[in-house]
Protein chains: 2
Amino acid sequence: ARPRVGYYFTGKTNDTQILEKIKKLSVEDFQSIPVVVDRNSSVYDAVCAMFLEDVGTLFVVDQNSVLVGVLSRKDLLRASIGSKDLQTLPVDIIMTRMPNITICYKEDSIFEVAKSLIEKQIDAVPVVRESPNGLEVVGRFTKTNFTRALVDIVQNKLY
Amino acid sequence: ARPRVGYYFTGKTNDTQILEKIKKLSVEDFQSIPVVVDRNSSVYDAVCAMFLEDVGTLFVVDQNSVLVGVLSRKDLLRASIGSKDLQTLPVDIIMTRMPNITICYKEDSIFEVAKSLIEKQIDAVPVVRESPNGLEVVGRFTKTNFTRALVDIVQNKLY
């Protein structure tokens, strides 16, 4: 009998293969530098930091550089409208705090993190690393990072 | 001679085919409902609309429902910090206006629109349709829409 050569069935199409490749891309290859503020900062200082650094989300840290909170543009806009005294109002009062902070690790799949961005209706998550004092912020992963990653993949494959 | 059957070479792998499919997905299948404010609204009213509707970008229209401006959270946060009189400050003063507004049409590829979101460093674009009076706003396409679309594609293909 003629040997059956040329191809064999792996149970997966190439289509599935590229999607699996996308699923395995990890946060560390696409993350941005985190922008942090001290938990004793005022809301006014946080707004300034957001504009100076041009980010949509700030991470709040304690004296050991451990993550204690997250501030979105929405949080700061709400505070700016509602309060008269932004220079004395500490970010501590208005930030989202544990256990309500969604975090990720640099080894995580960008696809899984993108899923949680959508589910939690947030724009960014801190990339953290465990330290003796708690979770240390080492990066920032946003919808922009995910969008840029996918645009790059589609583009490089086609041109 | 034995006929050559079974496969022929199209010059494209299946990998390229799925990426081309992604490239052809159109805005109308993934867009959101637009949230608009009148050009005579105050900044205060715009901030309220942003919170009530829970969106990151508002589109400003004239009396004919024609697009005249765009307001981001960043625009409104800047105004809230810088001005004391948000109830009388009209959005007209602080909005981004033509020709600096990036627009798209419902037939556009989500990939091309995502590229311009990244390049222009914006979160959302209005989906418009031409009318006798100008560009009418019919939708909103955001980084969230793009992220959700890609997450859905990867997910549905794998499970």
Side-chain angles (χ1 to χ4, degrees), chain A residues 6-7 12-23 25 43-44 47-48 50-51 54-56 72-84 86 109-119 121-123 142-159, chain B residues 6-7 12-23 25 43-44 46-48 50-51 54-56 72-84 86 109-119 121-123 142-158:
Chain A
Y7 77 93
K12 287 175 184 176
T13 64
N14 280 344
D15 266 17
T16 315
Q17 283 165 20
I18 190 153
L19 292 175
E20 280 196 0
K21 242 180 272 168
I22 290 175
K23 243 196 119 176
L25 298 172
V43 170
Y44 186 84
V47 174
C48 293
M50 193 169 264
F51 277 102
D54 198 22
V55 292
S72 67
R73 274 190 191 138
K74 200 170 157 182
D75 295 330
L76 293 177
L77 184 56
R78 188 187 294 110
S80 302
I81 287 289
S83 161
K84 295 279 159 225
L86 301 180
S109 128
I110 64 168
F111 165 79
E112 292 298 332
V113 180
K115 253 173 65 178
S116 65
L117 290 172
I118 295 292
E119 280 161 15
Q121 299 185 28
I122 52 180
D123 291 321
T142 67
K143 282 178 193 162
T144 305
N145 296 129
F146 182 78
T147 301
R148 186 181 292 124
L150 271 290
V151 165
D152 282 352
I153 288 161
V154 176
Q155 205 157 27
N156 290 336
K157 277 284 179 178
L158 287 177
Y159 298 110
Chain B
Y7 76 94
K12 287 174 184 175
T13 64
N14 279 343
D15 265 18
T16 315
Q17 282 164 22
I18 192 154
L19 293 175
E20 280 197 358
K21 243 181 270 169
I22 290 175
K23 243 197 118 175
L25 297 172
V43 169
Y44 186 84
V47 174
C48 293
M50 195 168 263
F51 277 102
D54 198 22
V55 292
S72 67
R73 275 191 191 137
K74 199 170 158 181
D75 295 330
L76 293 177
L77 184 55
R78 188 186 293 110
S80 303
I81 287 288
S83 160
K84 295 280 158 222
L86 301 180
S109 130
I110 64 168
F111 166 78
E112 292 298 332
V113 179
K115 252 173 65 178
S116 63
L117 290 172
I118 296 292
E119 280 161 14
Q121 299 185 26
I122 50 180
D123 292 321
T142 68
K143 281 177 195 162
T144 306
N145 296 130
F146 182 78
T147 301
R148 186 181 291 122
L150 271 289
V151 165
D152 283 352
I153 288 162
V154 176
Q155 206 157 27
N156 290 335
K157 278 283 178 178
L158 286 177

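Here is how names work: the chains are called A, B, and so on, in the same order as the sequence lines, proteins then strands, and each is numbered from 1.
Rounded to the nearest 0.5 Å, atoms CD1 (B/Ile22) and CD1 (A/Ile153) are 9.0 Å apart. With values rounded to the nearest 0.5 angstrom, B/Ile81 atom CD1 is found 9.0 Å from A/Leu77 atom CG.
When all heavy atoms are compared, the tightest approach of A/Phe111 to B/Val151 is CE1-O, 3.5 Å.
With a 4.5 angstrom heavy-atom cutoff, A/Val47 touches chain B only via side-chain atoms.
When side chains are defined from C-beta on, B/Leu150 counts as touching A/Phe146, because their heavy atoms get closer than 4.5 Å.
Considering only residues two or more places apart in sequence or on other chains, B/Ile118 meets the side-chain contact (heavy atoms from CB on, under 4.5 Å) condition with A/Thr144, A/Thr147, A/Arg148. Applying the side chain to side chain donor-acceptor pair (under 3.5 Å) criterion to B/Thr142, with sequence neighbours excluded, gives B/Asn145.
In terms of heavy-atom pairs under 4.5 angstrom with chain A, the leader among B/Asp54, B/Leu86, B/Asp123 is B/Asp54.
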